[in-house]
Protein chains: 2
Amino acid sequence: MSIAADLIRGNTDMIILAQLMNQDSYGYRINSRIRSATDQRYELKEATLYTAFRRLEEAGYISSYWGDEDSGARRRYYSITPQGKLAYQKMLEDWKIANDLISRLITPESDCTTEAL
Amino acid sequence: MSIAADLIRGNTDMIILAQLMNQDSYGYRINSRIRSATDQRYELKEATLYTAFRRLEEAGYISSYWGDEDSGARRRYYSITPQGKLAYQKMLEDWKIANDLISRLITPESDCTTEAL
DNA sequence: CGCAATACCTCGCCTGTCAAGGTATCTACT
DNA sequence: AGTAGATACCTTGACAGGCGAGGTATTGCG
């Protein structure tokens with residue numbers, strides 16, 4: 001994957017919550033969706049994914065339950081909580097703000113000579 | 001500051017290099033610029049700033065020299081190297097890509113029912 | 001003289017990422 | 001029956017970046 005690994009750091013939680021805004025889902029599927037949504041250009045490492053689940057559950061942003069599939073491997077489903085939805089909204093706002101700030105910082109005005117030291 | 005701390009992680013180097021694209025500068029001033037460019041909403045913590053300088057110099061992206069001011073505290077000026085400029089361009093590209101990917105991931109299509117499991 | 005502002009720096013902790021390893025189930029092929 | 005691959009879960013330990021807390025030195029002001 002290589003691309004944008006560290007850049008996405010700090011957005012993992014938001015990405016996972018976003019996936020759960022639609023509907024309950026489980027680890028493997030969430031990652032598949034991320035992969036397809038990014039044309040195979042990005043995915044969460046499993047360790048990262050499952051640590052994030054623990055963290056989000058700890059924070060009360062998601063809750064989990066075992067699926068009752070009668071075939072295939074067992075799945076642990078995650079559901080976003082009301083607090084999780086709030087947190088997601090907040091993360092979205094923060095992300096937009098951060099983006100705005102960063103874009104200001106990496107496209108500096110060319111004029112620097114006139115300003116005082 | 002609070003806002004967007006972890007979100008900017010991984011962008012620190014790019015931000016610093018961007019400041020040096022214009023002209024040589026020094027730690028304190030770079031941070032002042034960041035503060036004013038963001039309307040006082042963001043700044044690098046000093047520890048973060050100076051570790052970044054070490055890291056960037058180590059990588060060969062910047063070089064440093066002591067200013068010859070005959071008044072005021074001594075200043076260590078930093079200059080971006082040709083490699084640094086290349087790295088900066090690359091970081092910019094990566095940032096754009098990462099942004100594109102993230103925005104895809106946090107604004108999911110509402111239709112999910114039709115697709116195969 | 002003391003204080004604020006400018007200007008630099010380091011140590012050590014915390015947190016998030018991830019390589020590496022592990023488990024179990026089901027399908028398909030040999 | 002064996003085995004390979006996909007699905008699906010999980011943990012441990014190392015590493016890197018951010019940053020709180022602490023430090024130094026200079027200048028100017030009241």
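Fair warning: this is a prediction, and the values are worked out from it, not measured in the lab. Letters A, B, ... are given to chains in the order of the sequence lines, protein chains preceding strands, and every chain is numbered from 1.
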Inset, instruction - Report the distance from atom CZ of R75(A) to atom P of dT7(D), rounded to the nearest whole Å. - result: 11 Å
Legend entry - For E57(B), all residues meeting side chain to side chain donor-acceptor pair (under 3.5 Å), sequence neighbours excluded: S64(B)
Inset, instruction - Round to a whole Å and report the spacing from OH of Y50(B) to P of dC9(C). - result: 6 Å
Inset, instruction - Please name all residues satisfying side chain to side chain contact (heavy atoms under 4.5 Å, CB included) with N99(B), sequence neighbours left out, ordered by chain then number. - result: W95(A), N99(A), W95(B)
Please write out the pairs of protein N or O atoms and N or O atoms of nucleotides 17-21 of chain C separated by less than 3.5 Å, giving the distance to one decimal.
| residue | atom | partner | partner atom | Å |
| --- | --- | --- | --- | --- |
| dT17(C) | OP1 | T12(A) | OG1 | 2.5 |
| dT17(C) | OP2 | R55(A) | NH2 | 3.3 |
| dC18(C) | OP2 | T48(A) | OG1 | 3.2 |

Legend entry - Contacts of type side chain to side chain contact (heavy atoms under 4.5 Å, CB included), residue D39(B), not counting sequence neighbours: R104(A), R41(B)
Inset, instruction - Give the rounded distance in Å between these two atoms: CD of E58(B) and P of dA16(D). - result: 11 Å
Inset, instruction - For T12(A), enumerate each residue passing the side chain to side chain contact (heavy atoms under 4.5 Å, CB included) test, keeping only those at least two apart in sequence or located in another chain. - result: I16(A), L44(A), T48(A), A52(A)
Legend entry - Per-nucleotide protein contact string for nucleotides 24-30 of chain D (B base, S sugar-phosphate only, - none; heavy atom under 4.0 Å): --SS---
Inset, instruction - Quickly work out the L49(B) CG to dG18(D) C1' distance and round it to whole Å. - result: 12 Å
Inset, instruction - Starting at atom CD1 of I16(B), determine the distance to atom C1' of dG18(D), rounded to an integer number of angstrom. - result: 12 Å
Inset, instruction - Would you mind reading off the distance between R33(B) atom CZ and dT6(C) atom C1', rounded to a whole angstrom? - result: 16 Å
Legend entry - Nearest-angstrom distance from the residue atom CZ of R76(A) to P of dT25(C): 17 Å
Inset, instruction - Using the rule that two of Ile, Leu, Val, Met, Phe, Trp, Tyr join whenever any of their side-chain heavy atoms come within less than 4.5 Å, decide whether L86(B) and M21(B) are in one cluster. - result: no
Inset, instruction - Check whether any side-chain nitrogen or oxygen of Y26(B) sits under 4.0 Å from OP1 or OP2 of dC8(C), and answer yes or no. - result: no
Legend entry - Main-chain N/O of I106(B) paired with Y88(A) side-chain donor or acceptor, under 3.5 Å: yes
Legend entry - Residues that Y28(B) engages under ring-ring contact (aromatic ring centres under 6.0 Å, His included), provided they are two or more places apart: none
Legend entry - Listed partners of Y61(A) passing ring-ring contact (aromatic ring centres under 6.0 Å, His included), at least two apart: none
Inset, instruction - Using the salt bridge (charged side-chain N to carboxylate O under 4.0 Å, His left out) rule, collect all pairs that involve residues 13-25 of chain B, keeping only residues at least two apart or in two chains. - result: D13(B)-R55(B)
Inset, instruction - Grab the OH-P distance between Y28(A) and dA24(C) for me, whole Å please. - result: 18 Å
Legend entry - Side-chain N or O of R54(B) closer than 4.0 Å to phosphate OP1/OP2 of dT10(C): yes
